[in-house]
2 protein chains.
Amino acid sequence: MRYKDETKEQAIREKAITMIVESGLDGLSMQRLAKAANVSPATLYIYFQDRDDLIVQLSVEENRRMMIATLENFDPDMSFAEGLRIQWLNRARFCLENPIASLFMEQIRHSPYHQRASELVGSEFHQTLGLFVRNNIARNELVSLPFEVYWSVAFSPLYQLVKFHVQGRSFPNRPAFQLTEPVILQALELVLKALKP
Amino acid sequence: MRYKDETKEQAIREKAITMIVESGLDGLSMQRLAKAANVSPATLYIYFQDRDDLIVQLSVEENRRMMIATLENFDPDMSFAEGLRIQWLNRARFCLENPIASLFMEQIRHSPYHQRASELVGSEFHQTLGLFVRNNIARNELVSLPFEVYWSVAFSPLYQLVKFHVQGRSFPNRPAFQLTEPVILQALELVLKALKP
DNA sequence: CATAAATAAACAAACGTTCATTTATTCGCG
DNA sequence: CGCGAATAAATGAACGTTTGTTTATTTATG
């Protein structure tokens with residue numbers, strides 16, 4: 001019998017993400033994707049149930065990669081400043097090294113696919129972060145807050161900076177924005193100041 | 001001669017936004033939109049050049065409404081704390097009163113339409129905010145920062161909280177999140193602490 | 001030779017858009 | 001005031017494409 005050609009599946013995944021980043025979710029057509037990945041349209045349906053399944057699978061996989069990268073060398077027992085620093089630098093590094101994956105995830109995160117995909121993602125990520133937060137509140141290294149308030153202050157500035165970077169610009173009539181490590185650390189300082197008791 | 005029926009255009013705009021929010025940008029089909037707005041498909045092309053033009057025009061208009069609401073009673077000569085408070089409360093109020101418009105803008109902002117639309121938006125908004133920032137740095141009420149760092153710390157936590165609210169939930173397995181005024185003010189306090197010298 | 005991957009060709013349905021026609025409204029004229 | 005001429009809004013039906021997906025067939029490999 002004949003085995004699946006894994007390079008084909010990889011080509012499909014990559015081209016699909018590129019198409020979505022370049023022309024939006026409605027720019028992803030199965031026939032154009034097949035052409036771009038050098039396979040027959042029917043081949044797509046060997047690897048994915050249908051168009052929706054393809055998009056959801058891509059989201060889950062890219063999300064997983066991002067989470068693993070974000071938690072590299074991270075430990076929920078770390079001090080708050082150290083733990084947040086590691087997460088910020090990990091996440092920024094991943095996004096800067098994978099700008100297309102990063103733009104793809106941004107697009108999914110604000111589409112109707114986000115909910116369906118996030119239900120299929122493992123809960124370890126959130127459990128680890130939840131433990132980290134509780135540890136630090138108990139140790140009085142972090143003010144006690146509703147989880148959503150904590151999350152929005154602790155992470156959304158980073159995500160916004162990353163978005164500015166991968167988009168190449170922040171606002172019209174502004175010069176191109178480059179997210180460098182000193183800039184990341186400068187923003188992180190502000191966030192730590194906000195969240196430390 | 002016969003004049004345009006403005007209720008028709010309004011119906012088209014509203015239904016289009018609803019469709020995009022409910023089923024994504026690729027869920028907006030001109031024929032289904034015509035049916036939903038009770039007009040002929042051809043009528044859409046009296047008010048809009050084509051599908052792209054429709055989406056861009058919707059973005060520009062909703063963006064304008066949002067900006068006007070955000071700057072109500074705002075003055076660039078205000079103290080930093082007072083000015084930021086007004087903007088936060090204005091923006092939150094608008095989004096909570098217009099959740100569909102808010103979800104629509106979130107979706108546009110992370111799609112390829114965002115750049116094209118933001119180039120068509122007046123620059124007064126950004127000029128006013130730029131003045132506000134410079135005033136407060138000069139008065140030593142605000143630390144001096146790259147504009148993108150300032151922006152991401154000052155506003156993205158609010159946008160994230162609003163998103164949690166209009167989505168109805170923040171993360172899987174978390175109870176529904178309601179953005180109330182005390183929560184907004186709690187987050188605002190943290191951000192002010194971060195940005196004050 | 002068995003088996004499953006991979007394909008080319010085709011399907012109906014839906015897509016964005018246009019065209020020939022009808023409908024409603026304003027306006028100059030009697 | 002009343003009425004046809006003028007004009008643009010509004011339409012239903014149709015255009016050729018492209019859509020997502022399937023089917024019958026071929027290809028490669030254990």
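We use all heavy atoms of the structure for the numbers below, so side chains are in, but hydrogens, waters and symmetry mates are not. In what follows, chains are A, B, ... by sequence order, proteins preceding strands, each numbered from 1.
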> Among pairs that include at least one residue of residues 4-24 of chain A, which meet ring pair (Phe, Tyr, Trp, His ring centres under 6.0 Å), considering only residues two or more places apart or in two chains?
Replying inline: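 For residues 4-24 of chain A, and leaving out neighbouring residues, there are no ring pair (Phe, Tyr, Trp, His ring centres under 6.0 Å) pairs at all.
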Would you mind reading off the distance between [X] atom [atom1] and [N] atom [atom2], rounded to a whole angstrom?
X	N	atom1	atom2	result
B:I12	D:dT11	CD1	C1'	13 Å
B:I55	C:dG16	CD1	C1'	12 Å
B:N38	D:dA10	CG	P	13 Å
B:E6	C:dT25	CD	P	14 Å
B:I46	D:dT11	CD1	C1'	8 Å
B:L33	C:dC15	CG	P	11 Å
B:D53	C:dG16	CG	P	14 Å

> Taking 4.0 angstrom as the limit, do A:R51 and B:D26 come out as a salt bridge?
Replying inline: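 Looking at B:D26 together with A:R51, the answer is yes, because their closest N to O distance falls below 4.0 Å.
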> So, B:E9 and B:R13, do they make that salt bridge, N to O below 4.0 Å?
Replying inline: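 Result for this pair is yes, salt bridge flagged.
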> Just checking B:F48: base, sugar-phosphate only, or nothing, at a heavy-atom cut-off of under 4.0 Å?
Replying inline: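 Nothing, no heavy atom under 4.0 Å.
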>> One character per nucleotide, please: for nucleotides 12-24 of chain D, 5' to 3', B when the base has a protein heavy atom closer than 4.0 Å, S when only the sugar-phosphate does, - otherwise.
In response: B-B----BBBBB-
>> Would A:K4 and A:Y47 count as a cation-pi pair here, with the cationic atom under 6.0 angstrom from the ring centre and within 45° of the axis?
In response: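 Cation-pi check for A:K4 and A:Y47: passes.
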>> If we ignore hydrogens and angles and just use 3.5 Å, is the side chain of B:S23 paired with the main-chain N or O of B:I20 as donor and acceptor?
In response: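 No, the answer is negative, given that no donor and acceptor are paired below the 3.5 Å cut-off.
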> Is there a donor-acceptor contact under 3.5 Å linking the side chains of B:Q87 and B:T70?
Replying inline: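 Checked: B:Q87/B:T70 side chains show no N/O donor-acceptor pair below 3.5 Å.
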